[in-house]
Amino acid sequence: MRNKWTILLINVLIVTLLFTVIAPVYDLFHYINSLFYIAYFYLFVGVLLWVVRGGFFDAITYSFRRFTNRVSKQKDYMDDWKTKPLPSQTIESRWMRFFMFNGGMLMLGLLGLLALYYNV
C-alpha cells in the first residue's frame, strides 16, 4: 500500500486480465462490465468500512456484549466486556482510504469509458 498509483495500475491490469479471460467478445462494452465488477467491489468494501468506522454498529455491539454478560451462566471473570474495542475502534482509516481511492478512481475510469461508449 505504499504507492496508491501502483495498486491502481495493478487493478487496471486485473480488469484487463478479467476481460481477456471472461469476455465472449472483445469490445468496449464487455471491458466496461469487467471494470464495473472490480470498481464496485472496492467501493462496496470502502463504504462498508466507512459505515463501521463511523460508529454505526457500536451501540449494537455494546448492547450484545452487555446482554451476554448478564445472561451467561458461565461467567468469565477475566473477560472485561466494557473495555473491549468497539468495531469503530478496530477499523484503521488507511484501509478505508485505500478502498475508497481505488474504487473512486476505477469508477471515474468507468464513467469516462461510458461517455466514450455512448458518444461513439
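Residue indices begin at 1 and follow the sequence shown.
- Checked by atom type and distance alone, the side chain of Asn11 never pairs as donor or acceptor with a backbone atom of Ile38 at under 3.5 Å.
- By the 30° and 60° cut-offs, the orientation of the rings of Tyr40 relative to Phe36 is tilted.
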Review point. Would Leu106 and Val12 count as a side chain to side chain contact (heavy atoms under 4.5 Å, CB included) if you check the C-alpha gap in whole Å, the side-chain angles of each, and the deciding distance to 0.1 Å?
Key: CA-CA 8 Å; Leu106 290 172; Val12 171; 4.1 Å; yes

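- In this structure, the side chains of Val15 and Tyr31 come closer than 4.5 Å at one or more pairs of heavy atoms.
- With values rounded to the nearest 0.5 angstrom, Arg97 atom CZ is found 9.0 Å from Arg53 atom CZ.
- What you find for Leu113 and Ile32 is that their closest heavy atoms are O-CD1, 3.6 Å.
- Residues Leu13 and Tyr37 fall into different hydrophobic clusters, defined by Ile, Leu, Val, Met, Phe, Trp and Tyr side chains chained together at heavy-atom separations under 4.5 Å.
- A tilted orientation is assigned to the rings of Phe29 and Tyr117, their planes being inclined by 30° to 60°.
- With contacts defined as side-chain heavy-atom distances shorter than 4.5 Å, the pair Arg65/Leu86 qualifies.
- Hydrophobic clustering (ILVMFWY, side-chain heavy atoms < 4.5 Å, transitive): Leu9 and Leu17 are in distinct clusters.
- With 3.5 Å as the limit, one finds no donor-acceptor pair spanning the side chains of Tyr26 and Thr20.
- Leu108 and Leu110 fall within the same hydrophobic cluster, defined by Ile, Leu, Val, Met, Phe, Trp and Tyr side-chain heavy atoms under 4.5 Å apart, directly or through other members.
- A continuous path of Ile, Leu, Val, Met, Phe, Trp and Tyr side chains, each step under 4.5 Å between heavy atoms, connects Ile14 with Met107, placing both in one hydrophobic cluster.
- Here the closest heavy-atom approach between residue Asp58 and residue Pro87 is recorded as OD1-CD, 3.3 Å.
- Between Ser34 and Phe19, the shortest heavy-atom distance links the atoms OG-CA, 3.6 Å.
- Residues Phe101 and Trp5 place their aromatic rings such that the two centres sit under 6.0 Å apart.
- Residues Thr6 and Ile10 form a side-chain contact, since some pair of their non-hydrogen atoms from C-beta on lies under 4.5 Å apart.
- Grouping the Ile, Leu, Val, Met, Phe, Trp and Tyr side chains by contacts below 4.5 angstrom, directly or via other members, places Met105 with Trp95.
- Atom CZ of Phe41 sits about 5.5 Å away from atom CZ of Phe99, to the nearest 0.5 Å.
- Checked against ring-ring contact (aromatic ring centres under 6.0 Å, His included), Phe57 has no partners two or more places apart in sequence or in another chain.
- There is a side-chain donor-acceptor pair under 3.5 Å between His30 and Asp27.
- With Met96 as the partner, the side-chain contact (heavy atoms from CB on, under 4.5 Å) test is satisfied by one option alone out of Val52, Leu49, Val47: Leu49.
- The nearest pair of heavy atoms linking Thr90 to Pro85 is CG2-CB, 4.0 Å.
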Review point. Do Tyr42 and Phe98 pass the side chain to side chain contact (heavy atoms under 4.5 Å, CB included) test, and can you show the C-alpha distance, the side-chain angles, and the key distance before you say yes or no?
Key: CA-CA 9 Å; Tyr42 275 101; Phe98 168 76; 4.1 Å; yes

Review point. Can you list the steps and then say if Asn33 with Ile22 is a side chain to side chain contact (heavy atoms under 4.5 Å, CB included)?
Key: CA-CA 11 Å; Asn33 286 340; Ile22 294 179; over 6 Å; no

